[in-house]
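Written out below as structure tokens is the structure these notes cover.
Lettering of chains follows the sequences in order, A, B, ..., and the numbering in each one begins at 1.
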There are 2 protein chains.
Amino acid sequence: MTDPQTPAQTVDPEEQAFLAAYDPGVFPRPSVATDVVVLTVREGRLVVALYQRAEHPHRGRWALPGGFVRMDEALSTAARRLLRDKVGVQGVFLEQLYTFGDPGRDPRMRIITVAYLALVPPARLQVEKGALAAVEVDWAGEAGGPARAIGPDGAALPIAFDHADILGLAVQRLRGKLRYSPVAYAMLPPRFTLRALQSVHEAILGEALSKPAFRRRLLATGELRATGELESDVDHRPAELYEHAPQEEDAS
Amino acid sequence: MTDPQTPAQTVDPEEQAFLAAYDPGVFPRPSVATDVVVLTVREGRLVVALYQRAEHPHRGRWALPGGFVRMDEALSTAARRLLRDKVGVQGVFLEQLYTFGDPGRDPRMRIITVAYLALVPPARLQVEKGALAAVEVDWAGEAGGPARAIGPDGAALPIAFDHADILGLAVQRLRGKLRYSPVAYAMLPPRFTLRALQSVHEAILGEALSKPAFRRRLLATGELRATGELESDVDHRPAELYEHAPQEEDAS
DNA sequence: AAAATAGTGTCTATGAGACACTATAGT
DNA sequence: ACTATAGTGTCTCATAGACACTATTTT
């Protein structure tokens, strides 16, 4: 099709890409960042860690913890670094969520952000410089859409950039994963009651669940181990404490 | 915790990020590309469009169609542009898959690639400069892992970069979506038999399905409209042709 | 008529929700 | 004894797979 003798001015995009690859000056490059949606469940509600921006743009608005990816670190390493330095948690569930890269999503310049989802047990999330905001969505099931963040005083917090979309996608993804993946345990302490586990599921799904069906289904997964111990500090009959016993994946 | 009077040499990563944002020279930037996994079903097998690399690195190996993202275009726009210019298809199903960014995944330099998944009806995929390779995976269900590409002669094609991982993830994602999303129709012509629809499902899932159960389940979705017409050019009883009638999402 | 596939009816097993019930701690 | 929540038994309904059967086209 194409004349192989065509000189350097060819418009073949493959060749353009090849040349650009060896001469970084040919194409300008975007900045690459990562933002982390850190979620936990408190008092039956899904909550997210947000930080109020001290500088323009979007000064005063609330943003997800984020920062630029360094040239020598993997994307997940950058997310883990931010999680440790900005949020103060380590060793938690972390999974890539989606990459947001519309031109103009940041008014300063082209910033492509690889969003990550982190799930943390409530006791391990002590946000000092930021806030824990309750997450609410306008949609049911897995319809999807932006989310709102409700501050401790009950008022909606103004969200910076496209972070309301990122947060909404995190909720949508979490609801989807709940059906076939043991993600809820990542938001619980090592020992927990079945009621606490159900409460996590209900907070994620945004709807009440039937107790008998929930217990049957979860116990049938074989991923729960009864400890024989009971919870304390309750003014009614205490529930038994369970542990998460992950299934062995036999890949032989 | 931190002294607010600390001068400019602070190691607060938030401030570092802020400064870097306004001075592009502070941090070097990675290149951002997109690679597209273009899938269809031919003769009951999942096939992918691959292109043999003419240049180093990985010269002679087979790669997904890809290229750099321009500064003024959205990520999905870049994927659509590549799909049009390199593969020659337009107006097809396209969805972001995952972002691969390990340092060293490209030996030339740091290239972060946002992978996309495109689904195409078989008749619309006429790869001229590349090849259609059958996709095979070593795992069942949604376990995940790299995929193999089998050329027309039955031999496995050597895959460039981490594209075997990208391809494997595309299969895994597609299997997951099939459970709750009408993706199979994106790989069929406008009119198709129920047997063809089942064949697409079987190719994606990598396993045989029960005919009565499949028909009941799909007809019960209400997304299928019988046309009353029959297929032709078959040497047995012809099957009825159906159309995909997407459900109206009522968000009122 | 034979061959081949389209399309259906029935039985059964599984899983989930609804509901009502029993059990056990603290006060 | 009372209260509040833990935990269970049973019924019913929806869904999926297995299997066997009938229907319809071409050769």
Side-chain angles (χ1 to χ4, degrees), chain A residues 41 43-44 140-142 175-176 178-182 184 188-189 191-243 247, chain B residues 41 43-44 140-142 175-176 178-182 184 188-189 191-243 247:
Chain A
V41 171
E43 293 160 15
E142 296 184 42
R175 287 184 179 179
L178 203 55
R179 268 188 280 113
Y180 60 92
S181 168
L188 287 169
R191 294 184 162 199
F192 49 85
T193 64
L194 287 183
R195 187 64 190 80
L197 179 59
Q198 183 173 346
S199 177
V200 169
H201 279 245
E202 289 175 336
I204 292 173
L205 296 175
E207 64 182 14
L209 299 173
S210 137
K211 181 171 68 167
F214 181 83
R215 298 174 69 95
R216 258 181 320 196
R217 181 163 58 88
L218 271 288
L219 289 170
T221 63
E223 296 214 340
L224 281 170
R225 202 174 66 76
T227 65
E229 292 183 35
L230 301 180
E231 66 179 335
S232 49
D233 300 324
V234 287
D235 61 351
H236 53 268
R237 172 178 172 183
E240 183 167 14
L241 293 171
Y242 284 78
E243 287 176 346
Q247 289 295 80
Chain B
V41 170
E43 294 161 15
E142 296 185 44
R175 287 184 179 179
L178 203 55
R179 269 188 280 111
Y180 60 91
S181 169
L188 288 169
R191 295 184 162 200
F192 50 84
T193 64
L194 287 183
R195 186 64 190 81
L197 179 59
Q198 182 173 346
S199 177
V200 169
H201 279 247
E202 289 174 337
I204 292 172
L205 296 175
E207 63 182 13
L209 299 173
S210 137
K211 181 171 68 164
F214 181 81
R215 298 174 70 95
R216 256 182 322 199
R217 181 162 57 89
L218 272 288
L219 289 171
T221 63
E223 297 214 341
L224 281 169
R225 202 175 64 77
T227 65
E229 293 182 35
L230 302 179
E231 65 179 335
S232 50
D233 301 324
V234 287
D235 60 352
H236 53 266
R237 172 177 174 183
E240 184 167 13
L241 293 170
Y242 285 78
E243 288 176 346
Q247 289 294 81

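- Using a 4.0 Å cut-off between charged side-chain N and carboxylate O, B:Arg225 and B:Glu243 make a salt bridge.
- Side-chain atoms of A:Pro212 lie closest to D:dT8 of the nucleotides C:dA6, D:dA18, D:dT8.
- At a cut-off of 3.5 angstrom, counting only N and O atoms as typed in the model, there is a donor on one side and an acceptor on the other between the side-chain of A:Arg237 and the base of C:dA23.
- For A:Ala213, the listed nucleotide lying nearest its side chain is C:dA16; candidates were D:dT5, C:dG7, C:dA16.
- A donor and an acceptor atom never sit less than 3.5 Å apart when one is taken from the side chain of B:Arg216 and the other from the base of C:dG7.
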Report all side-chain donor-acceptor pairs from residues 193-206 of chain A shorter than 3.5 Å, counting only partners two or more places apart or in another chain.
residue, atom, partner, partner atom, Å
A:Thr193, OG1, A:Ala196, N, 3.1
A:Gln198, NE2, A:Glu202, OE2, 3.2
A:Gln198, NE2, A:Leu209, O, 3.1
A:Glu202, OE2, A:Leu209, N, 2.9

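- Closest contact between the side chain of B:Ala239 and the listed nucleotides C:dG7, C:dC11, D:dG7 involves C:dG7.
- Closest to the side chain of B:Pro238, from the set D:dT25, D:dG7, C:dG7, is D:dT25.
- In this structure the side chain of A:Glu231 never reaches within 4.5 angstrom of the side chain of A:Phe192, judged on heavy atoms.
- Among the heavy atoms of the strands lying under 4.0 Å from A:Arg195 are primed sugar atoms or P, OP1, OP2 only; no base atom is included.
- In the set D:dT24, D:dT26, D:dA18, D:dT26 carries the atom at the smallest distance from any side-chain atom of B:Asp235.
- Rounded to an integer number of Å, the gap from NE2 of A:His201 to C1' of C:dA16 is 15 Å.
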